Amino acid sequence: EALERRFLSLTHTHTYTGKEQKELGQGQFARVWLVERIKDQKLFACKNFILNDMVSGKSMEGSAVRADRMNVLDEIEILKKLDHPNIVKLIDVYIVKSKCVYMFLSYCDGGTLEELINNSPGGFLKESQAIAITRELLSAVWYIHSKGICHRDIKLENILVRKKTREKKFPFSIVLCDFGISKLGL
């Protein structure tokens with residue numbers, strides 16, 4: 001209950017600051033929202049799951065699709081083990097009455113790699129950009145494999161883009177996200 005109040009105060013304060021909450025994306029089992037932390041106005045991605053013992057596959061009045069409890073807990077445990085610049089960071093987790101989970105993750109301000117490619121001239125990246133992205137992605141994959149983790153869902157929508165202000169040649173870095181169907185124990 002204390003966690004529920006803490007989260008609700010976060011969302012209400014966020015709403016009252018005059019900034020709208022924005023949905024960043026939706027997957028099969030969760031929705032992701034942009035939220036602002038009260039104390040320092042820092043932005044985070046909040047991944048929201050509605051839990052059920054089994055996956056129902058049905059939407060609950062605009063909420064996230066019900067997610068299998070064990071898959072969500074596995075994703076949390078996996079993210080807690082990871083610390084790499086090209087992997088999304090788990091900041092905090094709130095579980096409300098064992099029915100709803102809010103995962104607060106690092107926010108990447110550049111959208112997805114799919115959006116970056118689609119918005120590039122001609123729908124293509126330059127070779128030097130593709131090399132930089134590939135290098136960062138392979139670094140992230142090598143790291144998770146060294147921890148005994150298999151992602152199992154690497155695709156353009158699960159690669160986020162973070163803007164880098166100092167870099168002029170390619171002002172982005174990539175961040176691998178969505179460890180929902182990952183497995184530990186390679």
Side-chain angles (χ1 to χ4, degrees), residues 3 6-11 13-15 17 19-49 64 67 71-96 100-117 119 129 132-167 170-182 184:
L3 296 178
R6 188 170 166 193
F7 177 77
L8 289 175
S9 67
L10 172 74
T11 57
T13 299
H14 173 72
T15 302
T17 62
K19 296 178 184 173
E20 294 283 326
Q21 281 188 341
K22 174 183 166 187
E23 185 172 345
L24 298 173
Q26 182 175 354
Q28 186 176 0
F29 301 113
R31 284 189 170 178
V32 182
W33 301 89
L34 177 62
V35 296
E36 182 180 62
R37 187 164 53 193
I38 297 166
K39 69 180 181 181
D40 59 5
Q41 291 78 46
K42 188 169 180 181
L43 298 176
F44 295 94
C46 178
K47 191 171 183 179
N48 171 231
F49 299 90
N71 287 349
V72 173
L73 296 176
D74 287 348
E75 181 173 6
I76 292 167
E77 287 305 310
I78 287 170
L79 286 172
K80 283 169 52 177
K81 296 177 185 314
L82 302 177
D83 184 20
H84 187 277
N86 301 113
I87 296 174
V88 70
K89 289 189 183 358
L90 177 64
I91 308 300
D92 213 341
V93 176
Y94 298 106
I95 300 175
V96 181
C100 193
V101 173
Y102 299 94
M103 290 173 48
F104 290 85
L105 306 161
S106 54
Y107 170 60
C108 296
D109 55 358
T112 66
L113 183 55
E114 179 179 43
E115 293 165 345
L116 179 67
I117 292 169
N119 293 329
Q129 296 170 332
I133 289 169
T134 303
R135 184 176 289 127
E136 290 182 357
L137 180 60
L138 290 175
S139 175
V141 171
W142 179 88
Y143 176 78
I144 63 174
H145 286 186
S146 74
K147 298 286 186 178
I149 298 165
C150 181
H151 189 281
R152 298 176 47 184
D153 197 23
I154 297 174
K155 56 187 177 185
L156 294 177
E157 304 94 273
N158 289 340
I159 301 171
L160 302 177
V161 176
R162 181 183 299 131
K163 295 177 185 173
K164 296 190 293 190
T165 55
R166 294 189 181 117
E167 187 72 35
F170 185 61
F172 303 102
S173 65
I174 60 101
V175 177
L176 185 59
C177 71
D178 197 352
F179 286 75
I181 64 170
S182 299
L184 183 59

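None of the values given here were measured: they were computed from a predicted structure.
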Output field: ring centroids Tyr94/Phe104 closer than 6.0 Å: yes

Minimum side-chain heavy-atom gap Leu34-Leu43 below 4.5 Å: yes

Validation row: Phe179, Ile87 side chains within 4.5 angstrom (heavy atoms): yes

Residue pair Leu176 / Val88, side-chain heavy-atom distance below 4.5 Å: no

Residues forming a salt bridge (charged side-chain N to carboxylate O under 4.0 Å, His left out) with Lys163, sequence neighbours excluded: none

Heavy-atom pair of closest approach, residues Ser106 and Ala45: O-CB, 4.1 Å

Side chain Glu75, main chain Val72, donor-acceptor under 3.5 Å: no

Residues Arg31, Glu23: salt bridge by 4.0 Å N-O rule: yes

Ile154 backbone acceptor or donor facing Asn158 side chain under 3.5 Å: no

Test item: Leu73 and Val101 side chains (from C-beta on) under 4.5 Å apart, heavy atoms: no

Exam field: side chain Tyr143 to backbone Asp83, donor-acceptor pair closer than 3.5 Å: yes

Euclidean distance, Ile78 CD1 relative to Leu90 CG, rounded to 0.5 Å: 11.5 Å

Ile91 side, atom CD1; Leu105 side, atom CG - distance, nearest 0.5 Å: 7.5 Å

Backbone N/O of His151 and side chain of His145: donor-acceptor pair under 3.5 Å: no

Any donor-acceptor pair under 3.5 Å from Glu136 side chain to Ile174 backbone: yes

Interatomic spacing from NZ in Lys80 to CG in Leu82 - rounded to 0.5 Å: 12.0 Å

Approximate separation, where rounding is to 0.5 Å, of Cys46 SG and Asp92 CG: 10.0 Å

Whether Lys89 side chain and His84 backbone form a donor-acceptor pair below 3.5 Å: yes

Heavy-atom closest contact (Arg162 atom, Cys108 atom, distance): NH2-SG, 4.0 Å

Lys147 atom NZ, over 12 foreign heavy atoms within 6.0 Å: no

Side chain to side chain, Leu156 and Thr112, heavy atoms closer than 4.5 Å: no

Inter-residue atom distance Ile149.CD1 - Ser182.OG, 0.5 Å rounding: 7.5 Å

Short N-O contact, Lys47 and Asp178, less than 4.0 angstrom: yes

Note, Glu157 side chain near Leu113 side chain (heavy atom, < 4.5 Å): no

Side chain proximity check, Phe49 to Asn71, heavy atoms < 4.5 angstrom: no

Phe44 side chain reached by Arg37 side chain, heavy atoms, under 4.5 Å: yes

